[in-house]
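Count residues from 1 along the sequence. Computed from a predicted structure; not experimentally measured.
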Amino acid sequence: MRTAGTESLPQIVERLWDAKSNRNRVALVSEQGYIVFSSRGRHRPVVVQAAGGRNLPDGVKLTPEQVGTLSKYGLRQRRASSDYQLEIARDQSDRLAPIIAVASSILTDVYGAALEEQSVRFRFDSVPDLDNSELEEAMNHLARQRDWAARTGLYMKMVRSQLICAVATEAGSAPQSSLDPYHAGSIGPFPTVAIFTSFEALDNYAAVGLPARVIAGMDLFPALVALKIGSVLINPKGGPRGELYNNELHIIVDGIKKLRGVH
């Protein structure tokens, strides 16, 4: 994700309407909160979201007055755990300018972020539109039918799928042969990483926009085992979601070895 140079926040946000790429995010961020403007392609609606629910810092809860400030600009929660959001269609683009104009003030008044603590970051990425519907159905099936057949069926689907792994470094910053996964937590001394079945699920987890790589499950799981990963979160904060522990990663890798004829 790049940091704004000479371009202003309104100039970068305006590019969302005509962007040919399909993962576009412009974020005004601080440690306390954020406001993100995003779109999924040319002439698609722009979604505005402000930090809320699970995405607020630990121990922080917005007051009714602060929620009222967000509501004044049309930003509302769909559920208590989610961000405050507003979708603006192309033919209603005049509704966007007033929010851009007060974005910095909102970060100050609602989230307590001083002006010098705020920065603009953006990305305009072209990413593949993955079809992981069968994998997601296998995850839902395991949630309903918790037996070994359902579990091993899910493992096989994951091995044969293209998965999105959140990484710590942007594409081009590290060799593609190496995997530098983003640490989403830990189990004891071992890191937890996050993988996703779609970019929508990734951006639901981290609205500002984490860098990520699309990797075949056949290649991903051996790399994670080699890195001594403690567990893998699947679609955290979204759905269907789950978690694979280290012993399960080893089971999956053993299965991959058999598929490859490696003993």
Side-chain angles (χ1 to χ4, degrees), residues 1-4 8-10 12-16 23-40 44-88 95-125 164 166-168 170 182-185 192 194 196 198-212 233 235-239 241:
M1 184 167 251
R2 289 175 288 175
T3 302
S8 66
L9 178 65
I12 303 173
V13 173
E14 188 64 28
R15 289 163 52 189
L16 291 171
R23 186 191 178 211
N24 312 306
R25 314 187 75 76
V26 184
L28 182 64
V29 302
S30 69
E31 290 187 3
Q32 296 92 332
Y34 54 74
I35 298 177
V36 176
F37 305 85
S38 64
S39 77
R40 296 182 59 196
R44 297 287 295 273
V46 168
V47 175
V48 186
Q49 60 192 105
R54 294 174 181 165
N55 294 323
L56 290 170
D58 291 342
V60 174
K61 185 176 181 180
L62 300 186
T63 66
E65 292 76 17
Q66 291 167 329
V67 172
T69 298
L70 297 174
S71 297
K72 183 170 66 173
Y73 295 99
L75 292 157
R76 295 181 174 85
Q77 284 180 309
R78 295 180 181 177
R79 58 182 66 88
S81 61
S82 65
D83 282 345
Y84 295 83
Q85 293 194 14
L86 169 66
E87 184 173 293
I88 300 176
R95 297 174 60 196
L96 190 57
I99 300 176
I100 298 172
V102 298
S104 181
S105 296
I106 289 176
L107 273 192
T108 299
D109 298 340
V110 175
Y111 301 102
L115 184 61
E116 62 271 16
E117 299 173 330
Q118 302 175 22
S119 62
V120 179
R121 305 176 192 170
F122 64 94
R123 66 169 66 248
F124 288 81
D125 297 338
I164 300 162
V167 296
E170 294 283 356
Y182 168 83
H183 289 182
T192 292
F196 303 86
S198 69
F199 279 94
E200 290 80 8
L202 168 65
D203 292 330
N204 178 68
Y205 171 69
V208 172
L210 286 173
L233 301 176
N235 293 339
K237 294 186 182 178
R241 63 179 177 267

| remark: One should read off an interatomic distance between S119 OG and L28 CG, to the nearest 0.5 angstrom, of 7.5 Å
| message | Under the rule for side chain to side chain donor-acceptor pair (under 3.5 Å), what residues qualify as partners of N24, not counting sequence neighbours? | response | S21, S39
| query | Does a sphere of radius 6.0 Å around CD in E117 hold more than 12 heavy atoms from other residues, nucleotides or ligands, not counting ones at 6.0 Å or beyond? | reply | yes
| Looking only at atom types and distance, does a side-chain atom of R121 sit under 3.5 Å from a main-chain N or O of V208, one as donor and one as acceptor? | no
| said: Just so I know, are the side chains of F124 and L16 near enough to count as touching, which here means a heavy-atom distance under 4.5 Å? | reply: yes
| Distance from L56 atom CG to L62 atom CG, nearest 0.5 Å? | 5.0 Å
| query | If every non-hydrogen atom of N235 is compared with every non-hydrogen atom of A201, which pair is closest and at what distance? | reply | OD1-CB, 3.5 Å
| note | In this structure, CD1 of I99 is separated from CD1 of I35 (nearest 0.5 Å) by 8.5 Å
| message | Per the side chain to side chain donor-acceptor pair (under 3.5 Å) rule, what does the pair list look like for residues 68-78, sequence neighbours excluded? | response | Q77-Y84
| query | Do any N or O atoms from the side chain of R15 and from the backbone of I12 form a donor-acceptor pair under 3.5 angstrom? | reply | no
| field | Under the salt bridge (charged side-chain N to carboxylate O under 4.0 Å, His left out) test, residues paired with R23 that sit two or more places apart | value | D125, D203
| task | Could you tell me whether the side chains of Q49 and S82 share a donor-acceptor contact shorter than 3.5 Å? | result | no
| Partners meeting salt bridge (charged side-chain N to carboxylate O under 4.0 Å, His left out) with R54 (sequence neighbours left out) | none
| message | Rounded to the nearest 0.5 Å, what separates atom OH in Y111 from atom OH in Y34? | response | 7.5 Å
| request: Report the residues that fulfil side chain to side chain contact (heavy atoms under 4.5 Å, CB included) with A166, sequence neighbours left out, ordered by chain and then residue number. | output: Y182, F196, L202, L210
| task | State the CG-CZ distance between N204 and F199, to the nearest 0.5 angstrom. | result | 14.5 Å
| note | For E200, the salt bridge (charged side-chain N to carboxylate O under 4.0 Å, His left out) test, sequence neighbours excluded, returns R40
| request: Measure from the side-chain N and O atoms of R25 to the backbone N and O of A207, and report whether any donor-acceptor pair falls under 3.5 Å. | output: yes
| field | Atom pair CD (Q118) and CG (L107), whose distance is rounded to the nearest 0.5 Å | value | 4.5 Å
